Amino acid sequence: MDIKKYKNQTFIRDFKKNYELTFIALPALIYVIIFCYVPLYGLIIPFKDYKFDLGLLRSPWVGFKNFEYLFTSNQLYVITRNTIVMNLLFIVFTTIVSVVLALFLYEVGRKSVKIYQTTMFFPYFISWVVVSYIVIGFLDMEHGLLNTILKFSGNEAIMWYAQPKYWYVILVLVKVWKGLGFNILIFYSVLISIDPGYYESATIDGASKLKQALYISLPMLKHMITIMTILAIGSIFYSDFGLFYNVPLDQTMLYPVTDVIDTYVYRAVRRLGDFGMSSAAGLYQSTVGFVLVMVTNKIVKKIDSENALF
Amino acid sequence: MKNSQIATTIKKNFSMAYIHTLFILVSLACILPIMLIISISLSDEIDITSNGYSLIPRKLTLAAYKVVLSNSAQLKQSYLITMIVTILGSVLGTLLVTSLAYVISRKDYKYRNIISFLVFFTMLFNGGLVPSYILIAKWLHMRDTMFALFVPALFNAFYVLLMKGFLQSIPDSLYESAKLDGAKEMRILVQIAIPLAKPGVATIGLFFALQFWNDWFLCNFYTSDKKYLNLQNMLIRVLRFLEFLNSKEGRQMNQSAMQYPTFSARMATCILAAGPMLFVFPFFQRYFVKGLVLGSIKG
């Protein structure tokens with residue numbers, strides 16, 4: 001009895017002390033609850049045959065039927081494969097290109113660094129829609145720059161938007177291009193925080209720049225590279241929606257390579273109004289994504305507990 | 001001795017030349033594609049039809065721009081919508097993020113850990129598109145309103161993390177002495193914390209602005225009325241519908257007897273919609289860089 005009373009009094013006292021701050025955070029908290037936690041009810045949508053007019057409570061239960069449809073359709077395999085494969089390609093190539101360029105950028109003088117950073121940041125500021133225009137400029141079947149050059153040199157024009165096989169390269173290229181400024185900056189900021197004394201003593205000892213890069217810079221970067229890579233793997237089930245929806249121009253012929261879980265769910269909701277399969281796919285994505293993040297975070301913790309997400 | 005020094009310097013200059021060449025090429029690769037669009041927009045339509053796109057226009061003409069600007073009602077509307085949404089969204093978003101980050105950064109706040117967990121858990125697990133759609137369209141009745149264009153995107157746990165990083169460097173003693181002087185929490189936030197964390201606020205504000213200006217998803221997913229078409233979505237529609245306009249049905253609807261310049265007009269619209277952003281945002285690029293560097297070191 002006494003303890004309960006004491007706890008209540010302490011709670012009230014604490015609350016009085018902290019109510020002002022709570023008040024300040026309140027709008028944000030309300031927002032988070034409404035827009036981030038309420039949608040979690042969506043976990044039950046795949047288990048119902050959701051009808052928009054009936055609403056959530058009155059739509060009938062169908063158990064795992066939606067998941068049956070989803071898992072027996074070939075679509076699921078295709079979109080999962082595309083999501084994972086493309087994300088893996090993105091991780092590998094973005095990391096390699098960014099690290100190498102960051103290493104080179106470190107060698108360049110201050111003024112030049114500013115200029116190059118500015119130019120390399122240009123792609124970061126344009127939207128994927130504008131990027132899709134640029135890609136058309138290159139790949140348009142009749143007038144695109146590439147086909148014009150091909151025809152000029154006596155070769156056949158290629159129907160870029162009808163051949164899925166080229167899009168592994170195209171998408172990776174575009175993704176790396178767009179993120180250049182940003183990604184290089186991340187690794188570059190690690191490099192400039194390294195004590196220049198290391199490099200000076202290495203130069204005195206006669207080490208070449210290449211050796212310095214390999215034995216000083218890279219190990220220092222290894223940390224950041226690991227963190228970035230593992231975090232990226234943790235979100236491997238989520239795609240860069242803007243990229244996959246806009247750049248391939250939603251061409252059906254390219255779906256074997258460009259259709260990912262996000263675009264599939266989007267089409268199902270927006271175009272077909274099919275909440276069953278799309279919510280099942282969404283739950284599938286959220287669940288696997290969650291497990292992956294937890295697992296990869298555990299791994300990050302083992303490597304360097306400071307830099308895990310939590 | 002002297003010779004080897006000369007040799008090293010020559011070697012160094014060679015390697016620097018290589019590196020600079022590399023970066024010049026990379027920079028060109030970043031700028032030229034944008035030049036391509038500008039060039040196409042300034043090219044003559046007939047020349048395009050017979051010879052294709054080129055990096056430098058073979059026949060300079062402003063025809064495409066004239067056509068697009070004479071029919072610019074939708075362009076103006078989209079600009080208006082995009083500007084309103086960007087300003088509203090950035091201001092509100094920055095307010096939400098900053099207030100929350102400030103409260104979490106205060107070590108003497110009792111509920112700090114619970115709230116941190118609540119906020120950062122959202123980064124791990126989200127309900128997905130379907131429940132969001134149902135929430136916003138059905139329950140909040142925001143479908144086909146301007147609110148759908150920015151309200152769903154006002155919060156970002158990652159930005160909270162960044163902002164918290166900026167705020168953490170403010171010493172607790174400042175807060176304590178302010179409280180001793182009898183200041184209320186709100187006042188401390190506004191008069192002490194925010195001025196000290198100005199680069200952070202600016203960075204988050206810029207991130208939000210960029211996000212809202214470039215957003216195409218919210219408009220596409222939640223609205224269908226033309227009046228809410230923001231710039232990016234206008235571009236998407238232009239891309240898919242301009243083909244229709246140049247077809248037989250389209251020409252019948254079009255009053256003018258002149259041929260509607262399809263290809264160059266597409267690109268002209270793109271430049272008119274995206275051009276200003278290309279000039280404005282690089283200007284703020286230094287703040288991005290500063291903010292990211294500071295934030296990533298602390299976060």
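Since we're looking at a predicted model, the values are computed, not measured.
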What part of [X] gets within 4.5 angstrom of chain A, counting heavy atoms only: side chain, backbone, both, or neither?
| X | value |
| --- | --- |
| Val151(B) | both |
| Ala209(B) | neither |
| Ile271(B) | neither |

Find out whether [X] and [Y] are in side-chain contact, i.e. whether some heavy atom of one side chain is under 4.5 Å from a heavy atom of the other.
| X | Y | value |
| --- | --- | --- |
| Phe23(A) | Val103(B) | no |
| Leu96(B) | Pro27(A) | yes |
| Thr22(A) | Tyr109(B) | yes |
| Tyr245(A) | Asn220(B) | yes |
| Lys110(B) | Leu21(A) | no |

Heavy-atom count around [X] [atom1] within 6.0 Å, excluding the residue itself: above 12?
| X | atom1 | value |
| --- | --- | --- |
| Met186(B) | CE | no |
| Lys184(B) | NZ | no |
| Leu25(B) | CG | yes |
| Arg187(B) | CZ | no |
| Lys114(A) | NZ | no |

Who wins among [options] for the most heavy-atom pairs under 4.5 Å with chain B?
| options | value |
| --- | --- |
| Ile34(A), Leu101(A), Asp262(A) | Leu101(A) |
| Phe241(A), Tyr266(A), Phe152(A), Phe275(A) | Tyr266(A) |
| Gln117(A), Lys209(A), Lys178(A) | Gln117(A) |
| Thr287(A), Val135(A), Val38(A), Leu185(A) | Leu185(A) |
| Cys36(A), Ala25(A), Gly137(A) | Gly137(A) |
| Tyr238(A), Phe138(A), Phe182(A) | Phe138(A) |

Chain B contact via [X] - side chain, backbone, both or neither, heavy atoms under 4.5 Å:
| X | result |
| --- | --- |
| Leu43(A) | side chain |
| Tyr133(A) | both |
| Asn147(A) | neither |
| Ser112(A) | side chain |
| Leu292(A) | neither |
| Leu105(A) | both |
| Ile126(A) | both |
| Gln285(A) | neither |
| Val269(A) | side chain |

Next on the checklist: Angle between ring planes, Tyr116(A) versus His20(B), binned at 30° and 60°: parallel, tilted or perpendicular?
Outcome noted: tilted

Checklist entry - What orientation do Phe121(B) and Phe290(A) show, parallel under 30°, tilted 30 to 60°, or perpendicular over 60°? => result perpendicular

Checklist entry - Are any side-chain N or O atoms of Tyr31(A) and backbone N or O atoms of Pro152(B), one a donor and one an acceptor, separated by less than 3.5 Å? => result yes

Checklist entry - Okay, side chain of His143(A), backbone of Tyr53(B): is any donor-acceptor separation there less than 3.5 Å? => result no

Tell me which of these, [options], has more heavy-atom pairs under 4.5 Å with chain A than the rest.
| options | answer |
| --- | --- |
| Tyr133(B), Phe117(B), Tyr111(B), Trp213(B) | Tyr111(B) |
| Val119(B), Asp215(B), Leu100(B) | Leu100(B) |
| Val97(B), Asp108(B), Asn233(B), Ile115(B) | Ile115(B) |
| Tyr18(B), Phe217(B), Tyr102(B) | Phe217(B) |
| Ile24(B), Ile136(B), Leu95(B) | Ile24(B) |
| Leu118(B), Leu22(B), Ile40(B) | Leu118(B) |

Checklist entry - Taking only residues two or more places apart in sequence, or in another chain, which ones meet Phe158(B) in a ring pair (Phe, Tyr, Trp, His ring centres under 6.0 Å)? => result none

Item to check | Verdict with reasoning, Asn214(B) to Trp128(A), per side chain to side chain contact (heavy atoms under 4.5 Å, CB included) | outcome: CA-CA 8 Å; Asn214(B) 278 347; Trp128(A) 284 116; over 6 Å; no

Next on the checklist: Would you say the ring centers of Trp139(B) and Tyr41(A) fall short of 6.0 Å from each other?
Outcome noted: yes

Quick one: [atom1] on [X] to [atom2] on [Y], what's the gap to the nearest 0.5 Å?
| X | Y | atom1 | atom2 | value |
| --- | --- | --- | --- | --- |
| Leu26(A) | Ser99(B) | CG | OG | 9.5 Å |
| Met294(A) | Phe125(B) | CE | CZ | 11.5 Å |
| Ile188(B) | Glu20(A) | CD1 | CD | 8.0 Å |

Checklist entry - Can Leu235(B) and Val130(A) be said to form a side chain to side chain contact (heavy atoms under 4.5 Å, CB included), step by step? => result CA-CA 8 Å; Leu235(B) 284 181; Val130(A) 176; 4.1 Å; yes

Check: residues 26-38 of chain B side-chain donor-acceptor pairs under 3.5 Å, at least two apart:
{"from": "Ser27(B)", "atom 1": "OG", "to": "Thr119(A)", "atom 2": "OG1", "distance (Å)": "2.9"}
{"from": "Ser27(B)", "atom 1": "OG", "to": "Phe23(B)", "atom 2": "O", "distance (Å)": "2.8"}

Next on the checklist: If only side-chain N and O atoms count, and only distance matters, is there a donor-acceptor pair under 3.5 Å linking Tyr37(A) with Thr122(B)?
Outcome noted: no

